[in-house]
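A short worksheet on the structure shown next.
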Amino acid sequence: MGKSSKDKRDAYYRLAKEEGWRARSAYKLLQLDEEFNLFEGVTRVVDLCAAPGSWSQVLSRVLIKGEKFGRAGWQDKQASMRDYVLSGGEKKEKEEVTVQKVDVEEKPKPREGVRIVAIDLQPMSPLEGVTTMRADITHPSTIPLMLKALDPDTYDPSHPNRSSPVDLVISDGAPDVTGLHDLDIYVQSQLLWAALNLALCVLKPGGKFVAKIFRGKDVDLLFAQLKIVFERVRVAKPRSSRASSIEAFVVCEGFCPPEGFMASLDKPLGAGTVLPEPARESTEEKEKKVTRRVREDGAIEIDLGSETEDEDDVEEGGRRWIAPFLACGDLSAYDSDATYHLPKDRVSLDPVQPPTAPPYKRALEMRKLAGGAYGKTKGRAEKAAS
């Protein structure tokens with residue numbers, strides 16, 4: 001989250017600096033948690049494509065430090081204020097006791113046994129309680145390193161499957177967009193598959209998976225494939241995500257792989273992997289066909305080929321299913337596409353955590369050697385002086 005302009009009008013960009021977040025994307029995870037309660041009962045998390053570390057910072061402050069943000073923090077403040085107001089007519093001594101009780105309740109309650117591992121190809125500045133790794137999420141050697149980081153004392157390399165599973169896998173990774181939507185969507189889908197295949201290897205039954213997607217014309221196929229290994233698949237658009245962007249987030253809950261399925265990065269899902277079919281279907285020799293139909297209102301219905309024809313809801317065993325879309329946040333929240341007036345005495349803040357290895361670092365070094373950090377080379381400077 002660099003400082004590209006002194007007059008930056010993105011409300012979430014400025015708010016992230018004021019509240020100490022490394023990037024504005026931290027509000028996307030906070031708003032997803034408000035809507036889906038992602039962190040309930042979660043103690044073991046893997047953050048993929050983590051740099052610069054805003055999502056890992058949210059995990060550190062919520063799970064390890066026990067802080068509350070968003071709706072949960074607002075409700076706690078309202079409750080403490082209500083208790084303070086209701087005790088206003090009593091004696092001063094009782095008021096002091098009440099205030100002390102409120103202060104005790106407001107203290108963060110960290111969770112026990114929290115393990116957070118952040119993985120990225122780029123280096124990342126350290127965070128409290130977060131184990132950072134520079135690794136490739138598509139390489140099979142990454143999983144043993146990750147499991148060892150989760151359980152450094154009990155991990156047995158000879159039996160990697162005995163390691164404690166993971167409750168939540170999140171991925172905010174995205175490619176460097178080119179402006180060609182078809183190409184960007186394809187590259188993003190490949191990145192999503194890489195994150196999904198790693199998640200399949202470490203998620204526990206009932207675990208959760210959250211990843212960024214680019215919504216395109218064939219994104220319904222991704223939803224149908226995710227539905228094979230998760231009970232609930234929903235698509236969300238946080239308020240902090242710009243409406244002009246095609247990005248969204250897929251929230252998968254209730255990890256339930258098919259019987260007999262063995263996840264592995266050596267043979268990732270989607271690279272010729274054949275899912276085992278139930279015995280009854282093989283004996284009856286029934287063919288499953290996935291068809292797609294566009295309704296009059298523009299929504300796309302997917303026929304998953306289920307045997308049940310009476311019910312229309314796949315959550316109850318039916319055959320047709322449309323991934324539900326949910327917009328996180330209401331009209332009272334900030335609009336990331338809108339511009340807001342800044343006060344005259346506004347002071348531009350520096351980034352909370354400057355990039356450790358930005359892709360333009362080499363270009364800045366070459367420009368500095370050429371004669372200046374602001375684009376003025378020695379030749380231009382001498383010519384301007386003459």
Side-chain angles (χ1 to χ4, degrees), residues 1-34 38-39 42 45-70 72-73 108 110-111 114-135 137 146 149 168-177 191 195 210-212 236 238-242 245 247-249 328-329 333-334 336 346-361 364:
M1 189 177 63
K3 184 169 63 173
S4 59
S5 173
K6 291 183 178 180
D7 188 18
K8 201 72 174 179
R9 294 188 180 275
D10 187 346
Y12 290 100
Y13 176 90
R14 300 193 306 270
L15 197 61
K17 288 184 176 182
E18 294 173 359
E19 296 186 355
W21 299 110
R22 291 189 174 185
R24 64 188 299 280
S25 57
Y27 293 102
K28 300 177 183 178
L29 183 59
L30 291 174
Q31 291 171 359
L32 289 174
D33 175 53
E34 288 183 10
L38 296 177
F39 302 146
V42 171
V45 190
V46 174
D47 184 8
L48 305 178
C49 306
S54 59
W55 278 26
S56 297
Q57 188 181 13
V58 172
L59 296 173
S60 176
R61 296 178 64 175
V62 173
L63 301 183
I64 297 178
K65 297 182 180 179
E67 300 181 19
K68 293 185 178 181
F69 302 95
R111 304 185 187 183
V114 176
R115 295 284 186 178
I116 303 173
V117 176
I119 304 176
D120 202 296
L121 286 173
Q122 298 181 1
M124 192 177 74
S125 299
L127 284 167
E128 181 181 351
V130 179
T131 304
T132 59
M133 296 172 49
R134 292 188 65 182
I137 63 175
M146 181 182 61
L168 172 65
V169 176
I170 58 177
S171 174
D172 191 30
D176 295 331
V177 294
L191 187 60
V210 180
K212 178 186 291 187
R239 188 71 173 174
S240 55
S241 177
R242 295 184 178 92
S245 173
E247 76 165 8
F249 292 90
C328 300
Y334 288 110
S336 56
R346 167 73 185 182
V347 178
S348 180
L349 302 176
D350 291 328
V352 176
Q353 177 62 54
T356 54
Y360 50 84
K361 183 177 181 180
L364 293 178

State, to 0.1 Å, how close [X] and [Y] come at their nearest heavy-atom pair, and which atoms those are.
X	Y	result
Leu349	Glu18	CD1-CG, 3.9 Å
Val117	Ala149	CG2-CB, 4.0 Å
Leu168	Leu38	CD2-O, 4.4 Å
Ile119	Ala135	CG2-O, 3.8 Å

* **Which residues share a side-chain hydrogen bond (donor to acceptor under 3.5 Å, both in side chains) with Ser25, sequence neighbours left out** =>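 Applying side-chain hydrogen bond (donor to acceptor under 3.5 Å, both in side chains) to Ser25 gives Ser54.
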* Partners passing side-chain hydrogen bond (donor to acceptor under 3.5 Å, both in side chains) against Ser241 (at least two apart in sequence or in another chain) ->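 Expected list: Lys237, Glu247.
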Enter the distance from [X]:[atom1] to [Y]:[atom2] here, rounded to the nearest 0.5 Å.
X	Y	atom1	atom2	result
Phe69	Arg61	CZ	CZ	3.5 Å
Ser171	Lys212	OG	NZ	8.5 Å
Trp55	Leu29	CH2	CG	5.0 Å
Ile137	Cys49	CD1	SG	4.0 Å
Lys68	Asp33	NZ	CG	11.5 Å
Arg115	Met146	CZ	CE	14.0 Å

In the structure I gave you, are the side-chain heavy atoms of [X] and [Y] within less than 4.5 Å of one another anywhere?
X	Y	answer
Pro238	Phe249	yes
Tyr334	Asp10	no
Trp21	Val58	yes

Quick one: does any side-chain atom of [X] pair with a main-chain N or O of [Y] as donor and acceptor, under 3.5 Å?
X	Y	value
Tyr27	Leu15	yes
Tyr12	Ser336	no
Arg22	Ser56	no

* Among Thr132, Ile170, Asp172, side-chain contact (heavy atoms from CB on, under 4.5 Å) partner for Asp47 ->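 It is Ile170, the one option of Thr132, Ile170, Asp172 that forms the side-chain contact (heavy atoms from CB on, under 4.5 Å) with Asp47.
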Which side-chain N or O atoms in residues 120-131 pair as donor and acceptor under 3.5 Å with protein atoms at least two apart or in another chain?
| unit_1 | atom_1 | unit_2 | atom_2 | d |
| --- | --- | --- | --- | --- |
| Asp120 | OD1 | Gln122 | N | 2.8 |
| Asp120 | OD2 | Ala50 | N | 3.1 |
| Asp120 | OD2 | Ala51 | N | 3.0 |
| Ser125 | OG | Gln353 | NE2 | 2.9 |

* Sole candidate of Gln31, Lys28, Arg24 that passes side-chain hydrogen bond (donor to acceptor under 3.5 Å, both in side chains) when paired with Ser240 ->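 With Ser240 as partner, side-chain hydrogen bond (donor to acceptor under 3.5 Å, both in side chains) holds for just one option, Gln31.
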